Amino acid sequence: MTQVLRTAAELRALPRESLGFVPTMGALHEGHAALLRRSVQENPRTLLSVFVNPTQFGPAEDFSRYPRTFEADLALAEREKVDYLFAPLPEEIYPPGWRTFIEVEKLQEVLCGKYRPGHFRGVATVVHRLFQLVRPHKAYFGQKDLQQCVVLEKMVADLGLPVSIEICPTVREQDGLALSSRNRYLTAEEREQAPVIYRALLAAQEEKEVSLLLARARAMLAQVPAFELQYLEVRSLPNLEEISRVEGRAAIFVAGYFGKTRLIDNRIFKSA
Ligand code: PAF
């Protein structure tokens, strides 16, 4: 049985044994299940957190609309034999008068950070706060949010936090669409068209010249006019610098909208 915890005091009372941690905002899907499975395999105990973090949403973003599906999340946690589900109230994470935020300069400003100012400041702050409360040995994140992974790895390295960040492969539908809590908002027609995002990432994979590979990927995306591209960029890893040729570790990143639904995806180059 998964034990539900609501407070920092309950966390402090847990036995101090090696803990795997999967932080989420709930609305769990098979991508989260893969993270939980890996944590359960690798650690004596696994803790899942479900907290829709207000500080990572901009004023015009979907915080209030973000899906909240606690009963289904708990059922998935039980199915995956997760030991603890931490579902705190906001005051537990941000006690009244909270004024402290973590910023990871440069990495937080590009790609999604350019279009969602303050987003990675909110992510880094809540994950740091959760690490402080949960004190995990390993924390699991999906590659679908690759920029988030890079930001958190840098935070952990700079602050010398005693936790290892484990990045797990993106889980995809059979047609290539990356699993996301936001996919449920796609209309039937948009859902049918959405795999164009993955096809665009694949179209770019053999090319080394960034201008050429972006042109190929853009041409693929242009086949679906309903997809409103926000950015398509190739950047080095882990510094997220602009490059003109794919040499060393690098990834292609894409973000855009179907209607009001924002989707992101990425692919790390094989040669990397
Ligand atoms: O990836 C997410 O679901 C969130 O950004 C995270 C890491 C749980 C922080 O709120």
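Model, not experiment: these values are computed from the prediction. Positions are given from 1, in the same order as the sequence printed here. As the structure lists them, so they are numbered: ligands from 1, and atoms in each ligand from 1.
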Checklist line | Element-labelled atoms of ligand 1 that are located less than 4.0 Å from some non-hydrogen atom of Gln148 | finding: 1 (O), 2 (C), 4 (C), 5 (O), 7 (C)
Item checked: Set of residues satisfying side-chain hydrogen bond (donor to acceptor under 3.5 Å, both in side chains) with respect to Ser236, sequence neighbours excluded -> none
Next item on the list: Could you list the atoms of ligand 1 found under 4.0 angstrom from a heavy atom of Val126?
Entry: 9 (C), 10 (O)
Next item on the list: Considering heavy atoms of the protein only, find what lies nearest to atom 9 (C) of ligand 1 and give residue, atom and distance to 0.1 Å.
Entry: Gln56 OE1, 3.3 Å
Check: Would you call the rings of Phe227 and Phe258 parallel, tilted or perpendicular if under 30° counts as parallel and over 60° as perpendicular?
Finding: tilted
Note to self: Closer than 4.0 angstrom, basic N to acidic O: yes or no for Arg79 and Glu30?
What the structure shows: yes
Notebook entry, point to check: For Thr24, is at least one N or O under 3.5 Å away from an N or O on ligand 1?
Noted result: no
Next item on the list: Give me the ring orientation class for His29 and His32: parallel if the planes are under 30° apart, tilted from 30 to 60°, perpendicular past 60°.
Entry: tilted
Next item on the list: State whether Glu92 and Arg6 are salt-bridged, where the test is any N-O pair (Lys NZ or Arg NE/NH1/NH2 against Asp/Glu carboxylate O) under 4.0 Å.
Entry: no
Margin query: At less than 4.0 angstrom from any non-hydrogen atom of Pro23, what atoms of ligand 1 do you find?
Written below: 8 (C)
